[in-house]
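Only a predicted model underlies this, so the values are computations on that prediction, with no experimental measurement involved.
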Amino acid sequence: MKNKLLMFSTILALSLGGCTNNFEDINTNETGFSNEQLEQDFNQVKAPIKAMERGMYVLVADDWVGDIQFNLNADIFSGYMGTPHNFEGNANNSTYALLDGWNYAEWDQKYNKEMVNAYKLQLLTKDKFPQFYAWSLILKVYAMHKTTDYYGPIVYSGFGNADGTTPYDSQKAVYDQFFSELKFAVDALTVQAKLTPTFFANPKDETDGTTAGGDIVKWIKFANSLRLRLAMRISNVDPVKAKAEAEAAVAGYGVITSNDDNVLYKADHPVATYSGKDNWADINAGAAICSVMNGYNDPRRDKFFGKSSAGTFQGIRMGSLVDDNYRFAKADQFSIIGDVVRNSTIPWFCASEAHFLLAEAALKGWDVGGSAQSFYESGIATSFAQFGVGSATAYTNDDVAMAANFTDPLNAANNIAGANLVTVKWSNAASNEVKLQKIITQKWIAIFPDGQEAWAETRRTGYPKLFLPTNNLSGGKIPAGTFVRRLNFAVKQKTANPAGYAQGVQLLGGVDTGATRLWWDTGVNKF
């Protein structure tokens with residue numbers, strides 16, 4: 001096995017080039033034990049499993065790479081957050097002047113940490129320990145679905161090719177492999193769950209750094225929930241496959257529908273470091289989410305944001321031209337990100353999201369065991385329970401409140417009327433588009449602060465209706481009046497993997513800019 005790993009690391013270091021550049025973890029013997037000793041309690045899999053879980057985000061508090069991996073792109077593009085920092089003289093992602101020096105971070109992090117360790121686990125476990133191979137596949141799909149949803153085509157099936165090539169897969173091919181891998185994982189773990197409730201003999205084993213705690217059934221539900229999420233993602237481009245995958249996801253152990261099964265990674269959320277003048281002062285609440293939640297008088301605001309000096313929940317609009325008044329002199333006029341990122345957990349998948357996914361599936365007429373209205377209302381109630389804000393009854397029955405107008409206390413040029421004009425209360429008489437808008441709006445609120453998932457869903461559905469950037473400094477690469485659809489490929493790919501990069505652009509089906517839609521981003525919702 002050591003020889004196989006050495007051969008793999010040598011080949012991969014030569015072949016992958018710009019996909020990754022750190023392979024020291026591949027051949028490191030974490031314990032100094034022999035292979036036989038390692039296998040006594042599956043010690044050989046523990047280090048790469050831990051590395052995959054921890055590697056989803058750059059977590060080191062003083063590491064700026066985490067800031068650019070998701071916070072200064074997806075978190076802003078989703079409408080969740082805004083930056084008070086005038087990076088590059090305001091010519092940055094917020095104003096659609098996409099920065100290559102930022103937008104490689106998701107690519108590098110996922111190949112350096114996730115794909116390398118997933119391949120290592122494949123070599124160690126595929127032929128001997130299917131339960132651990134299954135676990136690694138769930139982690140790999142969770143990691144890489146975010147990466148493909150940033151860029152589009154990615155290196156996936158050909159990662160680690162012995163011939164030294166690093167070809168790209170189309171996004172459709174990547175999603176097909178995701179579904180295949182999740183099915184394998186669920187099938188393998190369903191067999192394993194009948195034999196043992198946990199991955200390791202010691203139920204207190206701390207290899208699993210999530211709240212699932214090595215519980216096999218909880219990991220099955222997580223895999224099924226990912227399958228449901230991804231099925232909905234492709235529902236406008238391949239509705240037949242989407243329906244089949246969604247209905248399969250709710251079979252057997254089903255998806256996460258109880259907050260007791262929420263999967264959270266137990267670590268300090270990086271955004272806690274990035275928000276607030278006593279920290280990095282790089283990020284604040286976004287104008288769009290404050291508009292919606294202020295309009296609804298949503299009680300979850302107190303969990304999500306701190307109040308401004310005026311006692312309000314005050315965001316920053318994407319595309320604002322900001323100065324040091326926003327960041328320091330008058331920073332207290334804007335809301336920082338609140339307790340939701342200061343509870344030593346990072347949400348991966350929570351029950352409320354599954355309820356809203358099921359609501360949309362039911363709206364499409366799929367057989368998922370309930371009605372769109374019932375899942376929609378239970379999703380709101382489940383979110384309220386998760387954040388401990390009391391009964392959701394009055395909120396759910398409000399048929400008056402809508403998104404509020406946005407006012408910038410420092411620059412009236414950023415002011416804008418509320419855009420997402422739907423009430424909370426369900427109406428069977430409403431059109432499917434309005435029903436979908438309600439479902440996605442409430443899901444968007446409930447999954448905060450996961451800007452990566454929120455950005456994907458706003459692109460897929462067009463909901464909630466967000467504010468266009470006040471200033472679009474893309475130089476025409478993202479046309480005025482449109483939203484950013486993706487990040488440019490990691491710039492190092494152009495020189496380190498030119499053949500792969502050219503293939504990726506061809507598979508993208510458009511130019512390598514932020515304006516090109518991804519495969520599943522059709523612009524039309526199907527019911």
Criterion side-chain hydrogen bond (donor to acceptor under 3.5 Å, both in side chains) against D521, the qualifying member of R459, R485, R233: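 For D521, the side-chain hydrogen bond (donor to acceptor under 3.5 Å, both in side chains) test succeeds with only one of R459, R485, R233, which is R485.
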Residue of the set N71, D75, N103 for which side-chain hydrogen bond (donor to acceptor under 3.5 Å, both in side chains) holds with N93: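 Going through the options one by one, the only one that passes is N103.
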Using 4.0 Å as the upper bound for N to carboxylate O, is an ion pair formed by [Y] and [X]?
X    : Y    : value
D282 : R327 : yes
E453 : R229 : yes
D205 : K46  : yes
E360 : R460 : yes
K477 : D512 : no
K492 : D100 : no

Might you work through the salt bridge (Lys or Arg N to Asp or Glu O under 4.0 Å) test for K146 and E106, ending with a clear yes or no? CA-CA 9 Å; K146 294 177 178 291; E106 168 70 14; over 6 Å; no
Can a donor-acceptor pair be found, under 3.5 Å and without considering hydrogens, that links the side chain of [X] to the backbone of [Y]?
X    : Y    : answer
S320 : V322 : no
H355 : T257 : yes
S335 : F305 : no
N471 : G319 : yes
T165 : P167 : no
K330 : L410 : no
T211 : N262 : yes
D208 : G213 : yes
Y142 : L137 : no
N420 : T441 : no

Students often mix this up, so state it plainly: with edges at 30° and 60°, are the rings of [X] and [Y] parallel, tilted or perpendicular?
X    : Y    : answer
W135 : F199 : parallel
Y96  : F77  : perpendicular
Y326 : F334 : parallel

I need the minimum non-hydrogen distance between L228 and A354, along with the two atoms involved.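 Smallest interatomic distance, heavy atoms only, reads CD2-O, 4.2 Å.
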For D215, all residues meeting side chain to side chain contact (heavy atoms under 4.5 Å, CB included), sequence neighbours excluded: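 Per chain and number, D215 pairs via side chain to side chain contact (heavy atoms under 4.5 Å, CB included) with V217, K218.
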Test of understanding: with side chain to side chain contact (heavy atoms under 4.5 Å, CB included), list the residues that count as partners of D339, not counting sequence neighbours.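 None.
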Do V271 and I283 pass the side chain to side chain contact (heavy atoms under 4.5 Å, CB included) test, and can you show the C-alpha distance, the side-chain angles, and the key distance before you say yes or no? CA-CA 8 Å; V271 173; I283 209 74; 4.2 Å; yes
Step by step, work out the salt bridge (Lys or Arg N to Asp or Glu O under 4.0 Å) result for K113 and D108. CA-CA 8 Å; K113 300 299 182 183; D108 274 18; over 6 Å; no
From CA spacing to verdict: side chain to side chain contact (heavy atoms under 4.5 Å, CB included), I447, Y80: CA-CA 10 Å; I447 64 175; Y80 279 172; 3.2 Å; yes
Which residue, F178, Y151, Y168, forms the ring-ring contact (aromatic ring centres under 6.0 Å, His included) with Y156?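 By the ring-ring contact (aromatic ring centres under 6.0 Å, His included) criterion, Y156 pairs with just one of F178, Y151, Y168: F178.
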Is there a side-chain contact between Y150 and H145 (heavy atoms, below 4.5 Å)?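 When only atoms from C-beta onward are counted, H145 and Y150 do not touch, as no gap falls below 4.5 Å.
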Are the side chains of V58 and W64 in contact, using a 4.5 Å heavy-atom criterion?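 They are not in side-chain contact.
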Step by step, work out the side chain to side chain contact (heavy atoms under 4.5 Å, CB included) result for I380 and F356. CA-CA 9 Å; I380 296 172; F356 293 120; 4.0 Å; yes
Full working for side chain to side chain contact (heavy atoms under 4.5 Å, CB included) between M52 and K140: CA-CA 8 Å; M52 287 192 76; K140 184 173 75 162; 4.1 Å; yes
Side-chain donor-acceptor pair present, R300, S383, cut-off under 3.5 Å: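 Yes, side-chain donor-acceptor contact under 3.5 Å.
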